[in-house]
Amino acid sequence: MGQREIYGERGSVLESLKEGRTGEAIDHFRGGLAAYLLLLPTLVVSLVFLYYPALRAVELSLYQTLMFGARRSYVGLGNYVSLATSSTYQWSVIITVVFAAIVVVGVMGFSLVVSFLLHEIEIGKSAYLIAAIWPYALPPAVAGIVFLFLIHPTIGMFTSVIEGLTPLTVDWFSRGRQAFLVVTIAVIWKQIGYNVIFMIAGMNNVPKTLTEAAELDGVSRWNRLLRIYVPLISPTLLFLVVMNTIYAFFGTFAFIDLMTQGGPGGATNIMIFDLYRNAFEFNNHGLASAQSVILFAIVSVLMYAQLRLSDRHVHYG
Amino acid sequence: MTTITLENVTKRFEDVTAVESIDLEVEDGEFLVVVGPSGCGKSTTLRMLAGLESVSEGRIYIGGRDVTGLDPKDRNVSMVFQNYALYPHMTAERNMTFGMKSAGSFSDDEIERRVSEAAETLGIGDLLARKPAELSGGERQRVALGRALVRDPEVFLMDEPLSNLDAKLRVQMRAELAKLHGELETTTVYVTHDQTEAMTLGDRVVVMNDGEIQQVDTAQYLYDYPNNQFVAGFIGEPAMNMVGVEVEGTDGETVVSHPGFRIRLPETDELRRFDAGRAVLGVRPEDLSIVETDGDGADTFVATVTVTEPLGDSLLLYCEVEGDELQVQSAPRSAIEPGDPVTLTVDRDRLHLFDRETRAAVYHSDGTRARTPEVTATAETDD
Amino acid sequence: MSKTTVTRHLPDSITRAEIDGTLRSDRLWLHVGLFLSVLLMALPLLLAFVISLQSRGVITSVSQLSFDRAFENYRAVLIDYNMGRYMFNSFVMSIVIVVGKLAISLLAALAIVYYRFPFKNFMFMVILLTLMLPVPVRIVPLFELVAGLGWANTFLALTIPYLASATTVFLLRQHFLSIPVSLVEQAKLDGIGPIKFLVYVLIPMSKGMIAGVCVIMFIYAWNQYLWPLIIIDSQEMQVSQVGIRLLQGVVETGDIAWPIVMAGSIVTLIPPLLVLVLFRRPLLETFGVQQK
C-alpha cells in the first residue's frame with residue numbers, strides 16, 4: 001500500500017535481498033511459470049558459461065595435465081602444493097599484492113585531488129568533468145601500447161625528456177623495478193576516470209549546508225577535503241578500494257601482455273599473467289585451474305568485503 | 001443497477017489481520033466514504049474491491065455478480081490513486097486512452113468521443129497534449145479522474161485522491177467531486193483519513209478502526225449519535241470531550257456526578273434501563289457554554305481556563321475541572337485569559353453516555369436510541 | 001563607462017556581486033591545478049595522436065613535424081593492416097552484447113520485480129553471484145567448453161558467454177523498484193499484461209537508466225582483450241584490442257613504423273570515447289552523479 005518513491009536511491013546487494021524477503025507489496029502479474037520463462041535466458045547463460053566452467057575449474061585443478069594437454073591424471077591437491085612451494089608463484093603473489101596496493105593508493109590519491117578541485121569550481125565544470133572521466137572509456141590495450149611507445153627505452157618521447165632532466169637511464173626492458181613502475185603508471189592512468197565518477201557522485205551527495213557551515217567557521221579548503229569530504233564519502237572510498245583491487249588483479253592482463261610479458265625476470269609477472277601462461281603457453285591446464293580457484297577465493301573475499309563494508313554501491317561494469 | 005456487497009470479508013497478511021469480517025452494502029449510485037486512521041484497513045478494503053489484493057475470507061459482489069476471485073480488469077471498476085498513477089512519459093490524452101486501447105473493446109471513434117466528453121466535463125480540454133510533469137497538482141488530479149471516467153465503469157474507487165493537493169485546492173476539488181458525482185451518479189467508494197472530507201462528500205460514511213467497521217451512517221447521524229467512543233472522538237473537530245463519571249439515580253432523577261459537577265440527565269427509555277454506576281460522559285465543545293451568573297446550581301459548574309485558542313469564528317477554551325480537561329467552544333473576541341475561572345453549563349439535549357468497558361454508546365440524551373447491538377441485547381434481557 | 005555598460009547588459013537574475021562571488025570562490029589556483037591535472041591525463045594521448053600523423057616515430061624537435069603521411073597512416077592501418085576488419089568485428093561483438101544483454105536482463109528484472117514465484121531470492125542470488133566469476137577464474141574450462149561447441153573463431157564465442165549480466169539485472173531491478181507501485185496497479189486495472197507493461201511503460205520510463213547501462217556495457221564489451229585473444233586465432237575474426245597486439249608484433253619485426261601503431265590505437269579508442277562523450281549524461285546519472 002505504501003508508495004515506493006525511492007527515486008535515485010541505491011541499496012546494497014545485501015539490503016536488496018532483505019527487501020526481497022519481506023517485499024510483499026509487489027506481485028502484480030500472475031504465474032510462476034511465466035516468471036521462470038522470463039528468467040530462463042539469463043539463468044541458462046549463467047549456468048552454462050559461468051557456473052559450470054567455474055565448477056569445472058575446481059575439478060580440473062585436481063588433475064595434472066600431461067603431454068601438452070593430451071592426457072590428465074588425478075593428483076588431488078598436488079597442483080596446489082606445487083603452487084605453494086613454487087618460488088615463481090610465491091613471487092607472483094607478492095608482486096600482485098604490492099602492485100594492487102600501489103595502484104589503489106596511486107589512483108585514489110590522484111583522483112581524490114582531481115575530484116575535489118572539480119567539485120570546488122563553478123566555471124567550466126562540465127568540460128573539466130569530461131576531461132577527467134574519459135579514461136573510463138580507454139581500452140587497456142590502447143593505454144598499454146601508448147605507454148610502451150612513449151617511454152620506449154630507445155625511441156620514447158618521454159624517455160629523452162626524463163634522461164635529459166634527471167640522471168636516470170630509462171631501461172625498463174631489462175630493469176625490473178622500472179618496468180614495474182611504468183606498468184603501474186599506465187594501469188593507474190586508465191582507472192582515473194572510474195574513480196573520479198564515483199568520487200564526484202559521493203561529494204555531490206554531501207549536503208551543501210555542511211560546506212557552508214565549514215566556510216562560515218573558516219575551515220580551509222584542504223581541511224575541508226580531509227575532515228569533511230573524506231569521512232563523509234568513506235563508503236564510496238571503501239567501495240573504490242575494493243573495485244580498484246579487483247581491477248588490479250583481473251583487469252590488467254592487457255597491460256602486462258603488451259608491455260612486459262611478465263618480465264623482465266618476473267618483475268611484472270602478476271598472478272593473472274602467470275595463469276595465462278600456464279594455461280595457454282605451457283598447456284598446463286590443471287595447474288592453471290588451480291590458479292583460477294585461488295583467484296576465485298580472492299575475488300570472493302573482496303566481494304564479501306565489499307558487501308559488508310559498503311552499503312551504498314552496486315557493482316558496476 | 002450497481003450495488004456492491006461485502007460479505008464477511010477478511011484480509012490477513014501473514015499473521016496480521018488487516019480487515020476483520022466486514023459486511024457492507026453500497027447502494028446504487030451512492031457516494032460512500034470510508035474513513036479511519038491510517039492502518040485501519042480502509043485502503044486494504046478498497047484494494048480488495050479493486051482486485052489488487054486477494055480476499056482471505058468472505059465474498060464480494062458488484063452489481064450482483066460475484067467478483068471475489070476475478071482479475072481487476074474483469075471487474076469493470078476504475079480507480080483513482082493518491083499519487084494519481086499517471087504514466088509520466090505519456091500525454092494526458094494518451095494516459096486516458098492507453099488502458100482503453102489495450103482493452104480493445106472500444107472503437108477509436110468511441111474512445112475519441114469519450115475523451116472529449118470527459119475532458120469537457122472536467123475542463124481539461126486544452127491540457128490533453130501535455131505530459132504530467134507539465135501539469136499542476138490539480139490538473140493531474142483532473143486527468144486521473146478523466147482516465148477513470150472514460151472507461152465508464154460500474155464503480156469508481158478512489159484512494160485518498162485529494163491528499164496530495166494543498167489545502168485550498170483540496171476544498172475546491174472536493175466540491176467539484178461532489179458536483180461530478182451529482183451528474184454521473186456512478187456508485188463510488190472513496191477512502192480518506194480526513195473526517196471533514198468524509199462528512200462533506202459522503203452520502204453515507206463508514207468509520208473504520210482496527211480492521212473493523214465502527215459505524216455506517218450519514219455524516220450528521222454519525223456526528224449526532226456516535227455508536228461508540230471511537231466514532232465520537234474521530235468525527236468532529238475539535239473532538240468530543242470524554243469524562244469519567246458516576247451515574248446515580250436519586251428521587252426519580254438520574255444524575256451524572258463528577259467531583260467538579262453534577263448534571264441532571266433527561267429521562268429516556270434507555271436511561272431507565274441503565275444501571276447506576278460508572279460511565280463515560282461525552283459532550284461536544286460547542287455544547288458547553290459559559291454562563292454569566294450561577295443559575296440553578298445543579299447544572300452549572302466552575303472550571304479554570306488553562307489555554308485559549310482564538311479560531312477567528314470562535315474561541316476554544318481548554319478548561320480544567322477537578323483533574324479533567326474540557327474543551328469549550330465559546331464566542332470570539334472575549335476577554336477570557338488563562339487562569340480565569342468560568343462558569344459552564346451544558347446543552348442537556350446533546351449529552352452522550354458510553355460504557356466504560358465496551359466503549360459503546362448507551363445513551364443519547366435527546367431520546368434517540370443508541371444503536372449498538374450489545375446495548376440492545378442488554379436492554380432485552382433487562383426487560 | 002565600460003563597467004556600467006557591462007552591468008546593464010547582464011540579465012536581471014545575475015547581479016554584479018554574484019559574478020564577483022563566483023569568480024572569487026573560483027580561485028585561480030584551483031583552475032591551474034585542475035587544468036594541469038587533466039592536461040597530464042590527456043598528454044600521452046595527445047602525443048600518440050600527433051605521432052600517428054607523422055612518417056617517423058622519433059621526433060626530437062618541432063621542426064621535424066610533418067603531416068604529409070597523416071591520411072596514409074590511417075589508411076594503411078585500417079586497410080593494409082586489417083584494423084578496419086578488426087574494428088568491424090569489435091562493433092558486431094559489442095552491439096550484440098549490448099542488445100542481447102539488455103534484452104535478457106530486462107526480462108529477468110521484470111520477473112524479479114513484478115512476479116512472485118518459488119525460490120525467487122535464490123534465483124536472484126544465482127544471478128548476482130556471477131559477479132564473483134570473472135573470466136580469469138573459469139578461463140580454462142570456458143575455453144574447452146566453447147571450443148568443444150565448435151564456436152572457436154565465431155561471433156558466438158565472442159558474444160554468448162557475455163550475455164548474462166548481474167550488474168544490468170541489478171541496476172534495472174533497482175530502477176523498476178523506484179517506479180510507483182500504483183502504475184502497475186493501474187495497468188492491472190486496465191488489463192495490460194506484463195510484456196505490454198514492459199514495452200509501453202517500464203522501458204520508456206527507464207530510458208535514461210537504459211542508455212547509461214548500454215554505455216557501460218558497450219565500453220565493457222569493446223575493451224575485452226583476454227577472451228578474444230585465446231578463443232580467436234583467425235585474423236579475419238579478431239577484434240581491435242587484440243589487433244593492437246598484432247600490430248605490435250609487426251612493429252617489433254621492424255616492418256612498420258610506430259606512427260601506424262599509434263594510428264591503430266587512436267581508431268580503437270575512438271568508438272568508446274565517442275560513446276562516453278555523447279552519452280555522458282545518462283552514464284553519469286546511472287553512476288549516481290546528479291547534474292545541474
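For the numbers below, each heavy atom of this structure counts, side chains included, while hydrogens, waters and symmetry mates do not. Reminder, nothing fancy here: chain letters follow the sequence lines and each chain counts from 1.
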For [X], is it the side chain, the backbone, both, or neither that has a heavy atom closer than 4.5 Å to a heavy atom of chain A?
{"X": "C:M132", "result": "both"}
{"X": "C:L145", "result": "side chain"}
{"X": "C:F197", "result": "side chain"}
{"X": "C:L45", "result": "both"}
{"X": "C:L36", "result": "neither"}
{"X": "C:I195", "result": "side chain"}
{"X": "C:L107", "result": "both"}
{"X": "C:I112", "result": "side chain"}

[X] [atom1] to [Y] [atom2] distance, which is reported to the nearest 0.5 Å:
{"X": "C:I231", "Y": "C:L156", "atom1": "CD1", "atom2": "CG", "result": "11.0 Å"}
{"X": "C:M41", "Y": "A:W189", "atom1": "CE", "atom2": "CH2", "result": "9.0 Å"}
{"X": "A:I185", "Y": "A:I151", "atom1": "CD1", "atom2": "CD1", "result": "6.5 Å"}

Choice from [options] maximising heavy atom contacts with chain A below 4.5 Å:
{"options": "C:V242, C:V140, C:L129", "result": "C:V140"}
{"options": "C:P136, C:A48, C:S37", "result": "C:P136"}
{"options": "C:V146, C:V169, C:L229, C:L39", "result": "C:L229"}
{"options": "C:L283, C:T268, C:I230", "result": "C:I230"}
{"options": "C:L133, C:L273, C:I219", "result": "C:L133"}

Segment of [X] engaging chain C (4.5 angstrom heavy-atom cut-off):
{"X": "A:L258", "value": "both"}
{"X": "A:F296", "value": "both"}
{"X": "A:L275", "value": "side chain"}
{"X": "A:L60", "value": "side chain"}
{"X": "A:V48", "value": "both"}
{"X": "A:F147", "value": "side chain"}
{"X": "A:F110", "value": "side chain"}
{"X": "A:L43", "value": "side chain"}
{"X": "A:L295", "value": "both"}
{"X": "A:L138", "value": "both"}
{"X": "A:W134", "value": "both"}
{"X": "A:I130", "value": "side chain"}

Taking atom [atom1] as the centre, does [X] end up with more than 12 heavy-atom neighbours from other residues, nucleotides or ligands that are less than 6.0 angstrom away?
{"X": "A:L33", "atom1": "CG", "result": "no"}
{"X": "C:F279", "atom1": "CZ", "result": "no"}
{"X": "A:Y51", "atom1": "OH", "result": "yes"}

Q. Would C:K188 and C:E185 satisfy salt bridge (Lys or Arg N to Asp or Glu O under 4.0 Å), going step by step from the backbone distance to the final call?
A. CA-CA 5 Å; C:K188 231 185 151 185; C:E185 293 182 339; over 6 Å; no
Q | Candidate pair C:Y220 and C:W227, rule ring pair (Phe, Tyr, Trp, His ring centres under 6.0 Å), full reasoning | A | CA-CA 12 Å; C:Y220 171 80; C:W227 176 242; over 10 Å; no
(Q) Heavy-atom pairs under 4.5 Å with chain C: which of A:A254, A:A132, A:S46, A:G156 has the most? (A) A:A254
(Q) Are C:W151 and C:F143 an aromatic pair, judged by ring center distance below 6.0 Å? (A) no
Q | Within the 6.0 Å centroid threshold, strictly below: C:F119 and A:Y36 | A | no
So, [X] and [Y]: side-chain donor and acceptor under 3.5 Å apart, yes or no?
{"X": "C:S90", "Y": "C:S240", "result": "yes"}
{"X": "C:Y162", "Y": "C:Q224", "result": "yes"}
{"X": "A:D257", "Y": "A:Y276", "result": "no"}

